[in-house]
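Below is one structure, written out as structure tokens, with a few remarks after it.
Here is the naming used below: chain letters follow the sequence lines, and residue numbers restart at 1 for every chain.
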Amino acid sequence: MKIATFNINGIRARIEALPRWLSEARPDVVALQEIKTVDEGFPRELFEDMGYRVETHGQKSFNGVAILSRLPLEDVSRGLPGDDSDEQARWIEATVMGDKRAVRLCALYLPNGNPVEFDAADRPLHTGKYGYKLNWMRRMRAHAQTLLDREEPLVLAGDYNIIPQAEDAARPEAWARDALFLPESRAAFRQILNLGLTEAFRARHAGPGHYSFWDYQAGAWERNNGIRIDHLLLSPQAADLLRDAGIDRDVRAGEKPSDHVPVWIELDT
DNA sequence: ATGGTTGCGATGCAA
């Protein structure tokens, strides 16, 4: 089972680039982020005609996540538990029925968290958008623990808006005061990992120079000024099935690209 | 270098 995560930065803007990549890469399942439309605005027929089931959790203008799957889906659930007042569409999960094994897949869009406010001692304040990010990560950790308790293959795939380590940025010094790389952000990411999850790409590839996002501005792609913020986290039962992992970096050089590229895994299901 | 670019949707916000 090939599972990918792809922040498309608007489904309407990617109406050609997304089908093009699907035809080339032929993933079985895709976690999409930033569809930037309500459910009714998602062009589901286009993907159904390509053989994909479509489950969306959309929102007008911002955010919005979806799952595309060539395999049957069961028990679809929308929204990250833990705060009924949270209006932002950043989480959808479903069980993907493989030939031999089922996989619980969560498609997530973790809050960016910028801009960050700092106090007089230059410590980041846990207020505003950054406070929302850290609180969202606490909720995610609690929900991930609940899912791990099932002791089944589990994949948490998405745009985490987290640069895990300095080697995951071409210019880490430029991100020192950014919500994607602050020590508190990276610690919160490690707290989720430390539940017993495996970061799939790093289980297969070591060293610097692997990125999943290049800003549209200032020639970031041409300068290879990238960061690695799109991740797939695996439960022990899913990690046992991991065959391969990769980043489709060439997608960034295509026509009218997203600022993110797909990251994928292959599981022996 | 406090700029730079893109998407959504109709203006400025989010990234």
- Interface with DNA chain B, restricted to residues 113-129 of chain A and to heavy atoms under 4.0 Å: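 Of all residues in residues 113-129 of chain A, the ones placing a heavy atom under 4.0 Å from DNA chain B are A/K129.
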- Task: Please say whether the positively charged group of A/R228, taken as NZ for Lys or CZ for Arg, lies over the ring of A/Y211, i.e. under 6.0 angstrom from the six-membered ring centre and within 45 degrees of the axis.
- Result: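 No, a cation-pi geometry is absent between A/R228 and A/Y211.
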- Backbone N or O of A/Y109 within a donor-acceptor pair of the A/Q33 side chain at under 3.5 Å?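 It does not hold such a pair.
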- Backbone N/O of A/I229 and side chain of A/S212: donor-acceptor pair under 3.5 Å: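 Pair found, side chain donor or acceptor close to backbone of A/I229.
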- Task: Compute whether any side-chain donor of one residue and acceptor of the other, for A/T56 and A/D39, lie under 3.5 angstrom apart.
- Result: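 Yes, a side-chain donor-acceptor pair sits under 3.5 Å.
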Check: residues 157-167 of chain A side-chain donor-acceptor pairs under 3.5 Å, at least two apart:
from, atom 1, to, atom 2, distance (Å)
A/D159, OD1, A/N161, N, 3.0
A/D159, OD2, A/N7, ND2, 2.9
A/Y160, OH, A/L156, O, 2.9
A/N161, ND2, A/L110, O, 2.8

Distance check needed: [N] [atom2] versus [X] [atom1], whole Å only.
| X | N | atom1 | atom2 | answer |
| --- | --- | --- | --- | --- |
| A/L110 | B/dA14 | CG | P | 17 Å |
| A/I35 | B/dC8 | CD1 | P | 11 Å |
| A/L180 | B/dA15 | CG | P | 10 Å |
| A/N7 | B/dG7 | CG | P | 12 Å |
| A/N225 | B/dG3 | CG | P | 19 Å |
| A/D215 | B/dG4 | CG | P | 13 Å |
| A/Q88 | B/dC13 | CD | P | 16 Å |
| A/I162 | B/dA15 | CD1 | P | 14 Å |

- May I ask you to say whether A/E55 pairs ionically with A/R78, meaning some side-chain N is under 4.0 Å from a carboxylate O?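 Counted as a salt bridge, because a side-chain N and a carboxylate O are separated by less than 4.0 Å.
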- Query: When you check the gap from the basic side-chain N to the acidic O, do A/D268 and A/R101 get nearer than 4.0 Å?
  - Reply: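 Between A/R101 and A/D268 there is no salt bridge, as every charged N stays at least 4.0 Å from the carboxylate O atoms.
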Rounded to whole angstrom, note down the [atom1] distance from [N] over to [M].
| N | M | atom1 | value |
| --- | --- | --- | --- |
| B/dA14 | B/dA10 | P | 15 Å |
| B/dA15 | B/dG3 | C1' | 16 Å |
| B/dA1 | B/dT5 | C1' | 16 Å |

So if I take every side-chain heavy atom of [X] and compare against [options], which nucleotide ends up nearest?
| X | options | answer |
| --- | --- | --- |
| A/Y109 | B/dG7, B/dA15, B/dC8 | B/dA15 |
| A/R90 | B/dG7, B/dA15, B/dC8 | B/dA15 |
| A/Q217 | B/dA1, B/dG7, B/dT5 | B/dT5 |

- Given B/dG7, is OP1 or OP2 found less than 4.0 Å from the side-chain N or O atoms of A/K256?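 Looking at the OP1 and OP2 atoms of B/dG7, one of them is under 4.0 Å from a side-chain N or O of A/K256.
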- Toward the 5' end of DNA chain B, by each residue's nearest nucleotide, A/F213 or A/A13: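 The residue closer to the strand's 5' end, by nearest nucleotide, is A/A13.
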- Which comes earlier along DNA chain B counting from the 5' end, the contact point of A/T37 or that of A/D259, where each point is its nearest nucleotide?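 Nearer the 5' end of the strand: A/T37.
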